[in-house]
Amino acid sequence: MTDFFKGIPQIRFEGAESDNEFVFRHYNPDEMLAGKRMEDHLRFAVAYWHSFAWPGGDPFGGQTFERPWFGDSMALARMKADVAFEMFDILQAPFFCFHDADVRPEGADFAENTRNLEEIVDYIGTKMEGSKTRLLWGTANLFSNRRFMSGAATNPDPEVFAWSAATVKTCMDATQRLGGENYVLWGGREGYETLLNTDLARESEQMGRFLSMVVDYKHKIGFKGAILIEPKPQEPSKHQYDYDVATVYGFLKRFGLENEVKVNIEQGHAILAGHSFEHEIALAASLGIFGSIDMNRNDYQSGWDTDQFPDSVPEMARAYYEILRAGGYTTGGTNFDAKIRRQSLDPEDLILAHVGAMDVCARALKAAAALLEDGGLEANRQARYAGWDTPENRALLSSDLASIEARVRAEGINPQPRSGRQERLENLWNRFV
């Protein structure tokens with residue numbers, strides 16, 4: 001045991017009336033909603049990178065956090081893991097997520113990186129044996145080191161492509177070793193800064209082949225989890241190829257991978273792409289590629305990816321309503337890809353940020369579940385499209401233009417507009433949220 005969280009109790013549910021900071025007021029893991037425990041609906045995960053690896057910097061200033069595990073040795077990596085699992089226990093977190101670079105020090109070459117990763121994965125495996133916390137997903141950091149400045153899979157240098165492919169292989173092995181339920185790819189450098197030096201066709205083909213290799217290796221090692229792509233439109237690249245859910249789906253269709261790969265959708269990335277979080281979730285569900293979410297929020301004034309903890313029940317309720325409509329998670333979950341502010345220096349800040357976010361998500365889930373159980377929104381949705389349920393109208397979709405014209409003339413079809421009832425539905429929504 002370390003003493004980093006000394007004096008902080010394990011967080012337990014006490015209810016909405018409690019005035020104790022270190023309790024859950026709304027997140028009751030055992031509360032039943034729509035036939036499942038709340039914990040099993042939400043499947044919360046702690047992000048290793050923001051909680052234990054981020055130094056508190058921003059574009060205008062460097063490190064503000066002083067953590068005893070910061071450094072480049074295996075001993076400090078083990079201390080970091082010790083602190084991480086102490087926090088998981090305090091929060092009773094069901095899951096965590098990590099990049100390879102979050103958990104191991106950077107080596108002098110690929111072989112040393114791999115040795116470091118394998119050693120710390122063994123250590124994390126022993127920590128997991130005494131913990132309830134499991135691995136939601138693993139991934140490779142293919143964006144921070146300067147070797148990735150021009151991309152990983154899309155790099156013009158084939159040696160970087162090879163390094164990246166080999167690194168993903170080791171990270172998939174690590175995820176499999178730890179019983180991970182998904183493997184994620186986020187292409188932060190898979191894009192371009194300028195078209196003046198970019199071959200779009202070549203880079204797209206490289207990226208498609210790279211992803212196909214990932215899928216092939218998944219099947220080779222018998223990995224039962226999902227492969228997930230995380231869309232983002234830009235930052236750090238000027239333009240990223242995995243722009244949004246629709247773009248990713250088109251890419252998957254092009255390379256015949258739409259039945260092999262799903263998406264991990266982040267709230268902040270959806271906003272950067274000009275969408276709402278619930279839009280991206282609903283679209284992914286409609287396309288059959290919804291997998292998991294990264295829960296956070298952006299500062300709408302700033303205009304970049306601020307990765308703050310969620311604090312808006314109405315916004316999160318829209319997201320969870322779409323997740324529940326889609327049938328909930330299978331292998332996915334709610335990963336807090338969020339970081340405390342660089343002025344929030346105390347260990348208590350790290351704990352309470354997660355406590356508050358978990359409560360916000362719990363309130364949002366309960367509101368969404370109540371709306372779905374009420375059935376009013378879905379009844380209105382069904383009624384709006386009811387005309388398509390007759391055999392003659394369903395036949396329109398297998399007909400042709402000339403036949404449809406003949407029917408319009410014969411039946412004297414002259415449609416009149418019908419209200420979308422948006423305000424009434426918003427009023428219904430606000431009765432629950």
Side-chain angles (χ1 to χ4, degrees), residues 9-46 88-97 131-137 179 181-182 225-226 264-265 267 277-278 281-282 284-285 290-295 309-336 351-352 354-382 428-433:
Q10 188 174 69
I11 310 300
R12 301 186 184 279
F13 174 74
E14 285 193 6
E17 303 307 315
S18 177
D19 60 1
N20 182 352
E21 274 192 299
F22 292 92
V23 299
F24 294 121
R25 295 179 177 82
H26 303 279
Y27 177 56
N28 179 359
D30 294 320
E31 181 177 342
M32 297 298 294
L33 291 168
K36 288 169 64 174
R37 295 170 62 249
M38 185 180 288
E39 180 178 276
D40 297 329
H41 273 296
L42 291 166
R43 291 169 59 88
F44 286 133
V46 175
F88 302 159
D89 182 61
I90 288 171
L91 294 170
Q92 302 183 70
F95 295 99
F96 72 104
C97 304
S131 172
K132 69 166 279 184
T133 305
R134 295 166 288 157
L135 179 62
L136 185 65
W137 50 260
E181 299 197 19
N182 308 271
N264 179 55
I265 302 167
Q267 196 270 359
F277 194 21
E278 61 267 26
I281 294 169
F290 174 70
S292 194
I293 67 169
D294 276 2
M295 181 64 81
F309 282 88
D311 69 349
S312 172
V313 173
E315 283 192 9
M316 297 306 99
R318 296 286 180 115
Y320 281 116
Y321 188 82
E322 296 302 333
I323 291 172
L324 290 176
R325 279 190 68 223
Y329 298 120
T330 51
T331 61
T334 303
N335 173 48
F336 289 114
I351 298 296
L352 292 175
H354 284 85
V355 170
M358 292 163 83
D359 265 348
V360 165
C361 291
R363 290 180 67 189
L365 177 72
K366 287 191 278 191
L371 270 156
L372 203 57
E373 183 178 6
D374 171 77
L377 286 178
E378 296 313 305
N380 274 276
R381 193 192 312 267
Q382 185 175 359
L428 173 59
W429 177 273
N430 288 323
R431 283 167 46 196
F432 291 85
V433 179

Problem - Close side-chain approach of Ile293 to Phe277, heavy-atom, < 4.5 Å - result: yes
Practice task
Using the test salt bridge (Lys or Arg N to Asp or Glu O under 4.0 Å), find all partners of Asp40 that sit at least two apart in sequence or belong to another chain.
Solution key: Arg37
Practice task
Output, in order, the C-alpha distance, side-chain angles, deciding distance and verdict of side-chain contact (heavy atoms from CB on, under 4.5 Å) for Thr133 and Val46.
Solution key: CA-CA 10 Å; Thr133 305; Val46 175; over 6 Å; no
Exercise for the section: May I ask you to test the Asn182-Asn264 pair for a side-chain heavy-atom distance under 4.5 Å? Expected result: no
Handout entry: Nearest non-hydrogen partners of Tyr320 and Met295, listed with the distance
Key = OH-CE, 3.5 Å
Exercise for the section: Identify the heavy atoms of Leu377 and Leu371 that sit nearest to each other, and give their distance. Expected result: CD1-CD2, 3.9 Å
Exercise for the section: Determine the sole option in Phe44, Phe96, Phe95 for which the ring-ring contact (aromatic ring centres under 6.0 Å, His included) test with Phe336 is passed. Expected result: Phe44
Handout entry: Over 12 non-hydrogen atoms of neighbours within 6.0 angstrom of CG in Asp19
Key = no
Fill in the blank from the handout: dist Ile281:CD1 -> Arg318:CZ (nearest 0.5 Å) comes out at 12.5 Å
Handout entry: Shortest non-hydrogen contact from Arg43 toward Leu136
Key = NH2-CD1, 4.0 Å
Completion exercise
Rounding to 0.5 Å, atoms CD (Glu31) and NE2 (His26) come to a distance of 11.0 Å
Exercise for the section: Keeping the roles fixed (side chain from Asn380, backbone from Gly376), state whether a donor-acceptor pair exists under 3.5 Å. Expected result: yes
Exercise for the section: For the residue pair Tyr321 and Glu278, establish whether any side-chain heavy-atom pair is separated by less than 4.5 Å. Expected result: no
Handout entry: 4.5 Å side-chain heavy-atom contact, Val355 and Phe22
Key = no
Practice task
For Gln92 and Ile11, work out which heavy atoms get closest and say how close.
Solution key: NE2-O, 2.7 Å
Handout entry: Donor-acceptor contact below 3.5 Å, side chain Gln10 vs main chain Asp89
Key = yes
Exercise for the section: Calculate, to the nearest 0.5 Å, the distance between atoms CZ and CZ belonging to Arg134 and Phe88 respectively. Expected result: 13.0 Å
Exercise for the section: Find the distance between CZ (Phe24) and CD (Glu14) and round it off to the nearest 0.5 Å. Expected result: 11.5 Å
Handout entry: Atom pair CE (Met32) and CG (Asp30), whose distance is rounded to the nearest 0.5 Å
Key = 9.5 Å
Practice task
With sequence neighbours excluded, tell me which residues meet salt bridge (Lys or Arg N to Asp or Glu O under 4.0 Å) with Glu378.
Solution key: Arg325, Arg381
Exercise for the section: Could you tell me whether the side chain of Arg363 reaches within less than 4.5 Å of the side chain of Val360, counting heavy atoms only? Expected result: no
Problem - Heavy-atom side-chain proximity of Leu33 to Leu324 below 4.5 angstrom - result: no
Problem - Considering all heavy atoms, the nearest Cys361-Thr334 contact - result: SG-CG2, 4.5 Å
Problem - Smallest separation among heavy atoms of Tyr27 and Phe13, with atom names - result: O-CD1, 3.4 Å
